[in-house]
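Nothing fancy with the numbering, it's 1 onward along the sequence. The model shown is predicted, which means the values in this text are computed figures rather than measured ones.
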Amino acid sequence: GAKFEYRMVATDLSGLQSISKVMEGNILEDFIRKKVEGITATVDRRAKTIGLRWSYTPEEGDLKYFEVWRGLEGDNPVSIARVTSPPVVEGRKKPTFRYLDEGPLKMNTNYQYQIKAVYVNGAASPLSAPEIVKY
């Protein structure tokens, strides 16, 4: 938010100089938002699904969607879904978001899930800490 002033000086080989007018500038937005935290998972082997829940209060700007990433434990995850549904608000708690992973999922496998918030203006959060799920 701090303003800075800049002026350019051009000097040629003979020593002649030309000085620009003073220009003002601000530090640009870094577009990095807070991480999604508090991911919980529920395994339903009968329905062959893994349900994810997380709470997130968007920072300045409009939230566009969440990206859900999945991979095998210890491997690099890949984006598997975009969650655009509105949150569920329970009592006075933070807005809670949900995603149901219907697979395909393999029994006796450890999956890791990570979530990223993406905003309308292009800002985004880093991937969340991995949530390891034993399926």
Side-chain angles (χ1 to χ4, degrees):
K3 288 189 177 186
F4 294 91
E5 292 182 346
Y6 297 91
R7 178 178 284 187
M8 294 193 55
V9 177
T11 307
D12 68 13
L13 294 175
S14 65
L16 294 174
Q17 291 186 339
S18 178
I19 300 173
S20 72
K21 295 179 183 178
V22 174
M23 310 263 309
E24 287 187 359
N26 292 352
I27 296 176
L28 294 176
E29 161 78 54
D30 65 4
F31 293 102
I32 299 173
R33 299 293 182 256
K34 66 181 178 179
K35 280 186 181 183
V36 174
E37 296 179 343
I39 302 168
T40 58
T42 305
V43 174
D44 186 341
R45 288 183 182 84
R46 205 171 257 175
K48 298 180 182 177
T49 62
I50 296 175
L52 301 176
R53 288 177 64 137
W54 64 94
S55 292
Y56 189 80
T57 303
E59 292 182 59
E60 56 194 65
D62 293 329
L63 183 65
K64 189 173 184 181
Y65 57 83
F66 291 97
E67 282 185 357
V68 178
W69 295 62
R70 179 184 69 201
L72 297 177
E73 183 179 14
D75 285 350
N76 291 327
V78 295
S79 178
I80 61 166
R82 288 184 176 179
V83 175
T84 58
S85 57
V88 175
V89 180
E90 300 166 346
R92 294 185 175 182
K93 295 181 181 180
K94 292 180 182 179
T96 301
F97 296 87
R98 297 178 180 168
Y99 172 70
L100 186 64
D101 185 0
E102 298 176 308
L105 300 167
K106 186 176 176 183
M107 291 289 200
N108 301 317
T109 303
N110 291 345
Y111 292 101
Q112 73 178 24
Y113 289 91
Q114 291 176 276
I115 299 173
K116 174 182 182 176
V118 179
Y119 288 75
V120 172
N121 67 356
S125 70
L127 284 174
S128 66
E131 174 68 17
I132 306 300
V133 180
K134 297 179 181 186
Y135 182 74

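- Of the inter-residue distances, the one linking Ser20 atom OG with Met8 atom CE reads 6.5 Å to the nearest 0.5 angstrom.
- For the pair Arg53 and Phe97, the cation-pi criterion (under 6.0 Å, within 45° of the ring axis) is not fulfilled.
- Contact annotation: the side chain of Tyr99 approaches that of Trp54 to within less than 4.5 Å [non-hydrogen atoms, C-beta and beyond].
- For the atom pair CG of Leu52 and CD of Gln114, the computed distance is 11.5 Å after rounding to the nearest 0.5 Å.
- Asn110 meets the side chain to side chain donor-acceptor pair (under 3.5 Å) test with Glu73; sequence neighbours excluded.
- The minimum heavy-atom distance between Arg70 and Leu105, with the atom names listed, is NH1-CD2, 3.6 Å.
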Do any side-chain atoms of residues 75-82 form donor-acceptor pairs under 3.5 angstrom with protein atoms, and if so which ones, sequence neighbours left out?
{"from": "Arg82", "atom 1": "NH2", "to": "Tyr65", "atom 2": "OH", "distance (Å)": "3.3"}

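- For the pair Lys34 (side chain) and Thr57 (backbone), a donor-acceptor distance under 3.5 Å is present.
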Please report the C-alpha distance between Tyr6 and Glu24 in whole Å, then the side-chain angles of each, then the deciding distance to 0.1 Å, and finally whether the side chain to side chain contact (heavy atoms under 4.5 Å, CB included) criterion is met. CA-CA 6 Å; Tyr6 297 91; Glu24 287 187 359; over 6 Å; no

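- Few gaps surround CE on Met107; more than 12 heavy atoms of other groups in view lie less than 6.0 Å from it.
- Residues Tyr113 and Val133 meet the side-chain proximity criterion, which asks for heavy atoms closer than 4.5 Å.
- Follow the hydrophobic side-chain contacts under 4.5 Å out from Ile50 and you reach Leu72 in the same cluster.
- Between Tyr119 and Arg33, some side-chain heavy-atom pair lies under the 4.5 Å cut-off.
- In this structure, CG in Leu63 is found 7.0 Å from OH in Tyr56, a value given to the nearest 0.5 Å.
- A distance of 12.5 Å separates CG of Asp101 from CG of Asp44, quoted to the nearest 0.5 Å.
- Listed here is the closest heavy atom pair of Val68 and Val83: CG2-CG2, 3.8 Å.
- The OG1 atom of Thr96 sits 7.0 Å away from the CZ atom of Arg98 when rounded to the nearest 0.5 Å.
- Both Ile115 and Val43 are members of a single hydrophobic cluster when ILVMFWY side chains are connected at heavy-atom separations under 4.5 Å.
- When side chains are defined from C-beta on, Val9 does not count as touching Ser18, because their heavy atoms never get closer than 4.5 Å.
- A distance-only check finds a donor-acceptor pair linking the side chain of Ser125 to the backbone of Ala117 [under 3.5 Å].
- When all heavy atoms are compared, the tightest approach of Leu127 to Lys35 is O-CE, 3.5 Å.
- Here side-chain hydrogen bond (donor to acceptor under 3.5 Å, both in side chains) pairs that include residues 126-135, with residues two or more places apart or in two chains, number zero.
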